[in-house]
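Notes for the one structure printed next.
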Amino acid sequence: MYLPRNGARRPQVAERLHAVIRQLRERREERPTLEVEDEYDVQDLFHALLIIYFDDIRKEEWSPSYAGGASRMDFLLPEVESVVEIKMTRPSLTTKQLGEQLIVDVAKYKQHPMCRSLYCVVYDPAGRTSNPRSVENDLSGDNEKMTVRVMIVPR
């Protein structure tokens, strides 16, 4: 996932997420570390990584109402008109359900005036997603309103 700012290309934060999490487990002298056990843990870590590159990160900004309800986006990056949505797989989340959630996310963020790019990052450390590249290819793309990039990591 590249997040442009002032024409510059940013390191691929999403692609390196798993390596960062692995590194956090390898502390010196068995010191305690951040345990990444659920989606909230991944969101907190990703937020910390975004701070390296962005000054204005709006966490849990409300999105416009869609299908009778409003929800909060994980991260709005106004300076690049982008939204980052973080998900993490779990035993109770099937690939079909994941795809359905992402389809709803794409539809609701199309309505947001500050979203020209949507980055959906799915952390799947156990490899639960069947055919992850197919999910990425089916849901990523460009239209007149915004660019959508879905990335399931690690690769």
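Small disclaimer: the values here were computed from a predicted structure and weren't measured. Along the sequence shown, residues are numbered consecutively beginning with 1.
- Applying the ring-ring contact (aromatic ring centres under 6.0 Å, His included) definition to pairs two or more places apart or across chains, those involving residues 72-97 are His47-Phe75.
- Using modelled atom types, one side-chain atom of Lys145 and one backbone atom of His112 make a donor-acceptor pair closer than 3.5 Å.
- Two residues are said to be in side-chain contact when any heavy atoms from C-beta on lie closer than 4.5 Å; Asp38 and Asp41 meet this criterion.
- Taking the side chain as every heavy atom from C-beta outward, Asp56 and Leu77 never approach each other to under 4.5 Å.
- For the pair Arg27 (side chain) and Pro32 (backbone), a donor-acceptor distance under 3.5 Å is present.
- In plain terms, the two heavy atoms of Asp55 and Glu79 that are nearest each other are N-OE2, 3.5 Å.
- Checked for salt-bridge contact, Asp74 and Arg58 miss the test: no charged N lies under 4.0 Å from a carboxylate O.
- Ser134 places no side-chain N or O within donor-acceptor distance of the main-chain N or O of Pro132, the cut-off being under 3.5 Å.
- The hydrophobic clustering, which links ILVMFWY residues whose side-chain heavy atoms are closer than 4.5 Å, places Ile21 and Leu34 together.
- Looking only at side-chain heavy atoms (C-beta outward), Leu45 and Leu17 come within less than 4.5 Å of each other.
- A salt bridge links Arg149 to Asp142: one of the charged nitrogens lies within less than 4.0 Å of a carboxylate oxygen.
- Counting heavy atoms from C-beta outward, Leu76 and Met114 have side chains that approach closer than 4.5 Å.
- Pairs engaging residues 122-133 under the side chain to side chain donor-acceptor pair (under 3.5 Å) rule: His18-Tyr123, Thr89-Asp124, Thr95-Ser130, Asp124-Thr129, Arg133-Glu136 [sequence neighbours left out].
- Note on Leu24: it clusters hydrophobically with Val153, by side-chain heavy-atom contacts below 4.5 Å among ILVMFWY residues.
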Worksheet item: Should Val121 and Glu15 be marked as a side chain to side chain contact (heavy atoms under 4.5 Å, CB included) after you check the CA-CA gap, both sets of side-chain angles, and the distance that decides it?
Response: CA-CA 9 Å; Val121 179; Glu15 286 187 358; over 6 Å; no
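- Taking every heavy atom of both residues into account, Glu85 and Leu118 meet most closely at CB-CD1, 4.4 Å.
- Exactly one residue among Leu102, Leu98, Asp105 makes a side-chain contact (heavy atoms from CB on, under 4.5 Å) with Leu139. That residue is Leu102.
- Among all heavy-atom pairs drawn from Ala14 and Phe46, the shortest one is CA-CE1, 4.0 Å.
- Judged by distance alone, the side chain of Ser140 and the main-chain N or O of Val150 form a donor-acceptor pair under 3.5 Å.
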Practice prompt. Begin with the C-alpha distance, continue with both residues' side-chain angles, and end with the deciding distance and a verdict on side chain to side chain contact (heavy atoms under 4.5 Å, CB included) for Leu93 and Gln101.
Written response: CA-CA 10 Å; Leu93 180 67; Gln101 287 180 13; 3.5 Å; yes
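- Hydrophobic clustering, with ILVMFWY side chains joined whenever heavy atoms are under 4.5 angstrom apart, keeps Tyr40 apart from Ile51.
- What you find for Asn143 and Lys110 is that their closest heavy atoms are ND2-CE, 3.3 Å.
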Item to complete: Go through Ile103 and Val106 one step at a time and tell me if the side chain to side chain contact (heavy atoms under 4.5 Å, CB included) criterion holds.
Response: CA-CA 5 Å; Ile103 289 168; Val106 170; 5.8 Å; no
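- In this structure, the side chains of Val20 and Gln23 stay at 4.5 Å or more apart for every pair of heavy atoms.
- At distances below 3.5 Å, not a single donor-acceptor pair connects side-chain atoms of Glu81 with backbone N or O atoms of Cys115.
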